[in-house]
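Within every chain, numbering begins at 1; the chains are lettered A, B, ... in the order of the sequence lines, protein sequences first and strands thereafter.
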Amino acid sequence: MYFNSIDFAIFLPIVFLLYWFVFNKNIKTQNFLILIVSYIFYSFWDWRFLSLIFISTIVDYFIGINLSKSDSNKIRKRLLILSLLVNLSILGFFKYFNFFVDNFVQTFNFFGYNLDSISLSIILPVGISFYTFQTLSYTIDVYKNKIKSSDNFLEFASFVSFFPQLVAGPIERASNLLPQFSKARKFDYYNAVLGLRQILWGLFKKIVIADNCAEQVNLIFSQHNDLSGSTLLLGAFFFAFQIYGDFSGYSDIAIGVSRLFGFNLKLNFNYPYFSRDIAEFWRRWHISLSTWFRDYLYIPLGGSKVSKSRLIFNVLVVFLVSAFWHGANWTFIAWGLLNALFILPSFFLNKNRMNLDIVAKDSKLLNFKEFINIVFTFFLICLTWIFFRAENITQALEIFGNIFSNSILTIPYYLGIGHTYSLIVLIVFFIVIEWLGRREEFAIHSILKNHTQIRILFYYLIIALIILFPGNEQEFIYFQF
Amino acid sequence: MKKFIQNIIKFIFPLVLILIGPIIYLYFTAKSDLTNYKINKDINRLIVGDSHAKLGINDSIISSSINIAQFSESYLYTYYLLDEILKTNKNIDTLLLSCSYHNFAKYYDYSTYHPDVIGRYFYILPDDIKLELIDESQNMISTLKFSTYAFIENLFADQKSFIGKFEDFPVEKEISEKYINKRISKQYGNVDSNNLYSDLNIIYFNKIIDLCKKSNVELILIRTPLHQDYFKKVPKNIIDKYQKVTKNRKIIFLDDEITNTDIMPDGDHLSDQGAIIFSKYIEEQLNIIK
């Protein structure tokens with residue numbers, strides 16, 4: 001069930017009314033409802049894979065309890081390894097089996113040993129990377145005594161399967177979300193209104209920005225051999241907005257829906273395209289995943305307070321694992337490597353934490369230097385997205401070859417470019433609204449807050465844009481991860 | 001909570017009026033556009049079909065005829081149009097239906113469900129077909145948007161969205177192998193070998209045959225000619241399928257061996273000059289059949 005589908009438009013109000021009017025007797029009944037509707041929500045894709053969520057839930061629930069009970073470091077370590085093994089084996093089989101087999105066979109064939117490929121037609125269960133990382137963080141935190149284990153199965157199962165963020169995050173930490181399942185939830189008018197606003201903005205990002213950009217991106221990438229460098233760069237630019245609109249739109253809807261049920265999820269995107277350097281970009285993009293890797297991989301590896309060679313190793317490992325998390329494809333690996341390459345200089349020059357606050361925090365406009373830094377960072381990010389979007393390394397390299405050729409100086413042209421003019425106007429509108437709201441959690445959080453009537457008209461305008469300029473419906477990009 | 005729900009209702013109410021109002025209005029009224037569609041009593045030949053008929057059959061050359069063909073009109077839409085038109089226009093005794101190889105290729109299924117195409121016909125269709133189209137188009141918002149636009153325009157325009165007319169070939173095109181490959185790839189490519197044909201168009205093609213029989217209308221298929229380079233690339237199994245589906249039917253056609261690009265500017269559509277030549281040929285053939 002997609003957030004931008006009619007099914008969800010019917011599902012959400014029904015669950016909302018049941019939650020606050022029928023199952024509102026106590027926390028148990030509300031949690032029970034959340035668990036059931038989360039499983040129903042997931043079953044819209046494939047009910048068979050509920051078993052995987054259930055396995056993860058049961059394994060980590062009992063391991064968590066046993067971790068709390070045990071004082072023996074040896075046993076605790078074994079329990080942690082067991083959790084890692086179970087969760088990563090499931091993830092590994094469904095996500096990476098074919099990739100490893102194919103590359104293994106190709107390597108042998110390369111050296112003259114003929115092996116037959118045994119690729120299986122494995123369906124990737126939606127959301128597996130997200131809920132696996134969520135439950136893993138729970139077990140690791142219990143192991144490190146950062147949090148207490150949950151002794152309430154209903155609460156824990158609801159935490160693992162909470163439908164707004166089940167299939168594409170944000171990847172919540174148990175320390176933030178799990179306690180919310182144990183506290184009484186009262187309806188908060190202000191929070192619910194914020195939730196609706198955030199859902200509206202998320203729908204705009206997805207339906208208007210991402211889906212329209214997707215059409216142009218598909219056109220440009222499908223004819224990449226015939227197009228000029230400037231056109232391909234335009235394609236990368238559109239993809240940058242497609243993936244941002246798509247994924248941050250999804251996160252906005254997930255956070256907004258959670259607010260309606262009295263939950264507060266973590267911020268997942270914080271205006272990443274207003275970043276002044278790559279390090280800042282990675283503090284603002286897919287925050288729940290970046291901080292996951294920071295806390296559970298980068299810092300345990302030694303973080304940045306190590307020798308230069310070790311620092312290079314740490315950064316490379318984090319970006320490669322992050323790339324691999326996205327998918328079993330060499331294009332993602334190249335994407336990760338390129339990002340590592342772009343970010344490493346800032347670590348060496350000790351400038352990776354130069355820009356912590358949002359740009360122009362205390363002023364209306366940027367200064368010239370900030371503007372140049374933002375444009376340059378965005379350009380670098382667009383280059384990395386080419387690998388992310390390309391079907392294979394060859395296609396990505398061909399696109400790069402064309403971009404860095406004389407044809408970059410020509411005026412972009414491709415069959416279908418006529419549709420881009422209105423899209424560019426919509427993107428400019430989007431950037432302006434994001435800029436105005438950059439100090440808030442989401443762009444329209446406090447827009448026109450002292451002008452109620454105009455603000456309502458603005459909401460109608462957003463709805464009108466969604467109705468008048470929807471792109472062809474595309475699956476959320478991050479569902480494939 | 002009460003305030004929250006009240007405010008939501010207050011916010012949504014004008015939206016419902018603005019958005020759902022026209023849909024409800026058109027749902028109940030639009031069909032009369034079609035039932036009231038009257039063809040001049042002097043006309044007894046109706047030309048229907050897709051772009052091949054729209055660009056290739058000039059009704060000013062064929063006596064007592066009117067061309068109402070539309071771009072990308074699949075047989076599903078043609079059938080529901082004819083179902084009403086033949087009921088209210090008993091003067092029609094001959095139907096000239098454009099029917100070429102691509103009409104039975106799988107790509108016609110995608111074309112049928114494109115929101116732009118659905119939009120032109122949506123409100124005149126039966127309810128079960130409306131629901132099927134919404135479901136298949138996978139973009140309900142877009143489908144309803146295009147449909148509502150088109151039918152609101154219908155309220156004020158002389159020409160209805162679902163009724164086409166003969167048109168000259170729209171733009172100058174320089175035929176090239178690359179261009180023909182693109183068209184072939186669009187019409188016959190991107191399908192797997194087990195799923196080559198448009199079952200939907202075949203089903204509705206047969207329904208049109210039955211409808212003509214029931215209405216005592218003579219059905220004549222028109223296969224507009226193709227450029228030689230294009231024809232050579234039409235997959236053989238599609239040609240076999242075409243011959244099988246149209247077996248025992250009257251077909252007017254010219255050889256698919258044209259090389260003159262003045263006549264065939266893009267490989268499978270006739271230019272205005274080509275339409276004149278072909279329409280004269282159709283007229284001659286109709287006189288022979290008569």
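Taking the six-membered ring for Trp, F11(B) and Y460(A) have ring centres closer than 6.0 Å.
Inspection of the H52(B) and D268(B) side chains reveals an N or O donor paired with an N or O acceptor under 3.5 Å. S72(B) and H114(B) share no donor-acceptor pair across their side chains, judged by distance under 3.5 Å alone.
Heavy-atom proximity under 4.5 angstrom to chain A picks out K145(B), Y149(B) from residues 145-158 of chain B.
Within the cation-pi definition used here (under 6.0 Å to the ring centroid, within 45° of the axis), K241(B) does not qualify as a partner of F104(B). K3(B) forms a cation-pi arrangement with Y189(A), by the criterion of a distance under 6.0 Å to the ring centre and an angle within 45° of the ring axis.
Of the two parts of F21(A), only the side chain, counted from C-beta on, holds a non-hydrogen atom closer than 4.5 Å to a non-hydrogen atom of chain B. Of the atoms belonging to L144(B), not a single heavy atom falls under 4.5 Å from chain A. The part of I6(A) that comes within reach of chain B is its side chain, from C-beta onward, which places non-hydrogen atoms under 4.5 angstrom from that chain. Residue I18(B) does not touch chain A at all, counting heavy-atom pairs closer than 4.5 Å. In this structure, chain A has no heavy atom under 4.5 Å from any part of K2(B). When heavy atoms are compared at a cutoff of 4.5 Å, D226(A) approaches chain B solely by way of its side chain, counted from C-beta outward. Using a 4.5 Å cut-off between heavy atoms, L468(A) contacts chain B through both its backbone and its side chain.
Put simply, CZ on F41(A) and CZ on F11(A) are 6.5 Å apart, with the number rounded to the nearest 0.5 Å.
Checked by atom type and distance alone, the side chain of E73(B) never pairs as donor or acceptor with a backbone atom of T112(B) at under 3.5 Å. Looking only at distances, no side-chain donor or acceptor of N31(A) sits under 3.5 Å from a matching main-chain atom of K28(A).
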Test ring-ring contact (aromatic ring centres under 6.0 Å, His included) on F4(B) and F16(A); report intermediate values, then the result.
CA-CA 12 Å; F4(B) 180 72; F16(A) 178 82; 5.7 Å; yes

